[in-house]
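In what follows, a structure is listed as structure tokens, so that the remarks can point back to it.
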Amino acid sequence: MLVGVVDYTVGNVGSVLTALRRAGAEPVVVKSLEEAAGVDALVLPGVGTYEAAYALAHEFRNAILEKPTLAICLGMQLLFEASEEGGGRGLAVFRGRVERVRARKVPHIGWAYTHVARPDGVVEEGYYYYLHSYGVRWDGEDPSHIAYVEPGDRYAAAVRRGHILGVQFHPERSGKAGLALIRRFLAEARR
């Protein structure tokens, strides 16, 4: 399976490529819509600032809406309407606004228990690795919010709409649990 990792120049592309290879995919870096047209699925990597990433991410909006997409950390945040971290509108795939995390310690770094509220077959309850200062407040009424984490207040840990999955944690840094999640995403994307 050919998986395009979107390079908006601020993400952790290297570790995502390695994790995808370990999960059995053939990952390639994509920097344009033309390159994205030839892949089976997309990954929006995490790490970086919203302001630096949102402009390039907008170029990929149509591809994200058409292909199975895994959005990680900042990638997930870009799927929402806006962020208080930086200017510009998000991709508005999901309703809501990204805000600074209210927690005992910010940034929220390390392993944290992730609660699954709506099982989807890809995200499983357990410990995943987080590294973020911004997040989307958990909305238990929104069916797209499928998992949450509580570093202080409760935040969405995973969101899902059809073939688009966003996770606030870093599966590429979450050991066996993260690798299993990537494998489940790829298996579902092949269908």
Side-chain angles (χ1 to χ4, degrees), residues 3-13 16 29-37 39 41-103 106-108 114 117-118 120 122-123 128 130-149 151-172 181 185 189:
V3 179
V5 179
V6 177
D7 183 6
Y8 34 74
T9 70
V10 296
N12 55 331
V13 173
V16 172
V29 174
V30 295
K31 296 183 180 185
S32 69
L33 260 182
E34 293 76 27
E35 293 173 338
V39 301
L42 290 172
V43 174
L44 301 178
V47 182
T49 64
Y50 187 92
E51 193 167 17
Y54 82 88
L56 186 56
H58 273 275
E59 293 180 27
F60 288 89
R61 187 173 195 279
N62 289 339
I64 292 165
L65 295 174
E66 294 170 4
K67 296 179 184 285
T69 299
L70 173 61
I72 299 168
C73 195
L74 173 62
M76 179 183 118
Q77 294 171 11
L78 291 166
L79 298 175
F80 285 86
E81 295 168 311
S83 174
E84 69 179 38
E85 182 180 9
R89 297 185 45 80
L91 300 177
V93 174
F94 297 97
R95 289 182 300 118
R97 178 175 165 82
V98 179
E99 62 181 46
R100 186 154 176 84
V101 170
R102 293 184 188 159
V106 177
H108 173 222
T114 302
R118 294 175 187 88
D120 76 329
V122 178
V123 180
Y128 295 94
Y130 289 82
L131 171 58
H132 64 118
S133 296
Y134 290 86
V136 175
R137 285 195 181 271
W138 167 255
D139 180 351
E141 301 300 314
D142 187 332
S144 69
H145 289 220
I146 60 173
Y148 65 89
V149 64
D153 287 355
R154 191 176 281 184
Y155 291 90
V159 293
R160 176 119 194 223
R161 177 165 291 130
H163 63 273
I164 301 170
L165 173 65
V167 294
Q168 184 61 64
F169 53 84
H170 289 270
E172 78 282 8
L181 180 143
F185 169 77

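- Considering CG of L78 and CG of L91, their distance stands at 6.0 Å, rounded to 0.5 Å.
- Proximity of L165 to D120: side-chain heavy atoms (C-beta onward) are separated by under 4.5 Å at one or more points.
- Heavy-atom neighbours of R161 CZ from other residues, nucleotides or ligands within 6.0 Å: above the threshold of 12.
- No side-chain donor-acceptor contact under 3.5 Å links K31 to the backbone of V6.
- In this structure, the side chains of S133 and H108 stay at 4.5 Å or more apart for every pair of heavy atoms.
- The number of heavy atoms from other shown groups lying within 6.0 Å of CZ (R95) does not exceed 12.
- Remark: S144 OG to I164 CD1 distance equals 10.5 Å, nearest 0.5 Å.
- Using a 4.5 Å cut-off on side-chain heavy atoms (C-beta onward), V30 and D7 make no contact.
- With Y54 contributing its side chain and S83 its backbone, the two residues share no donor-acceptor pair below 3.5 Å.
- Scanning for side-chain hydrogen bond (donor to acceptor under 3.5 Å, both in side chains) contacts around N62 gives an empty result, with sequence neighbours left out.
- Checked by atom type and distance alone, the side chain of R154 never pairs as donor or acceptor with a backbone atom of Y148 at under 3.5 Å.
- Taking CG of L74 as the start and CG of L131 as the end, the distance is 11.0 Å to the nearest 0.5 Å.
- One finds the NE2 atom of H170 at 3.5 Å from the SG atom of C73 (value rounded to the nearest 0.5 Å).
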Note to self: Working note: I64 + L79, criterion side-chain contact (heavy atoms from CB on, under 4.5 Å); need CA distance, chi angles, decisive distance, verdict.
What the structure shows: CA-CA 10 Å; I64 292 165; L79 298 175; 4.3 Å; yes
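- Among all heavy-atom pairs drawn from A117 and W138, the shortest one is CB-CH2, 3.6 Å.
- Listed here is the closest heavy atom pair of V159 and F80: CG1-CZ, 3.8 Å.
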Next item on the list: For side-chain contact (heavy atoms from CB on, under 4.5 Å), just list the numbers for V123 and V167, CA-CA rounded to whole Å, side-chain angles, deciding distance to a tenth of an Å, and then say yes or no.
Entry: CA-CA 9 Å; V123 180; V167 294; 4.3 Å; yes
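- The shortest side-chain heavy-atom distance between V106 and R100 falls under the 4.5 Å cut-off.
- To the nearest 0.5 Å, the span separating CZ on F185 from OG1 on T69 amounts to 6.0 Å.
- When all heavy atoms are compared, the tightest approach of G135 to Y155 is C-CD2, 3.9 Å.
- Closest of all the heavy-atom pairs between P171 and I72 is CD-CG2, 3.8 Å.
- With values rounded to the nearest 0.5 angstrom, E85 atom CD is found 6.5 Å from Q77 atom CD.
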Next item on the list: Would you check, one step at a time, whether the test side-chain hydrogen bond (donor to acceptor under 3.5 Å, both in side chains) holds for T114 with Y130?
Entry: CA-CA 10 Å; T114 302; Y130 289 82; 2.6 Å; yes
Notebook entry, point to check: Could you go step by step and tell me if V16 and V13 meet the side-chain contact (heavy atoms from CB on, under 4.5 Å) rule?
Noted result: CA-CA 5 Å; V16 172; V13 173; 5.8 Å; no
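- When atom types are taken as modelled, the side chain of R102 and the backbone of D153 share no donor-acceptor pair closer than 3.5 angstrom.
- Between the side chain of H163 and the main chain of L65, a donor-acceptor pair closer than 3.5 Å is present.
- Ring pair F169/Y128 is parallel by interplanar angle, where below 30° counts as parallel and above 60° as perpendicular.
- Between V39 and L42, the shortest heavy-atom contact is CG2-CD2, 3.8 Å.
- Not a single donor-acceptor pair under 3.5 Å links the side chain of R137 to the backbone N or O of V101.
- Residues H145 and D139 approach most closely at ND1-N, 3.2 Å, considering heavy atoms.
- Between E81 and R89 there is no salt bridge, since no side-chain N of the basic residue sits under 4.0 Å from a carboxylate O of the acidic one.
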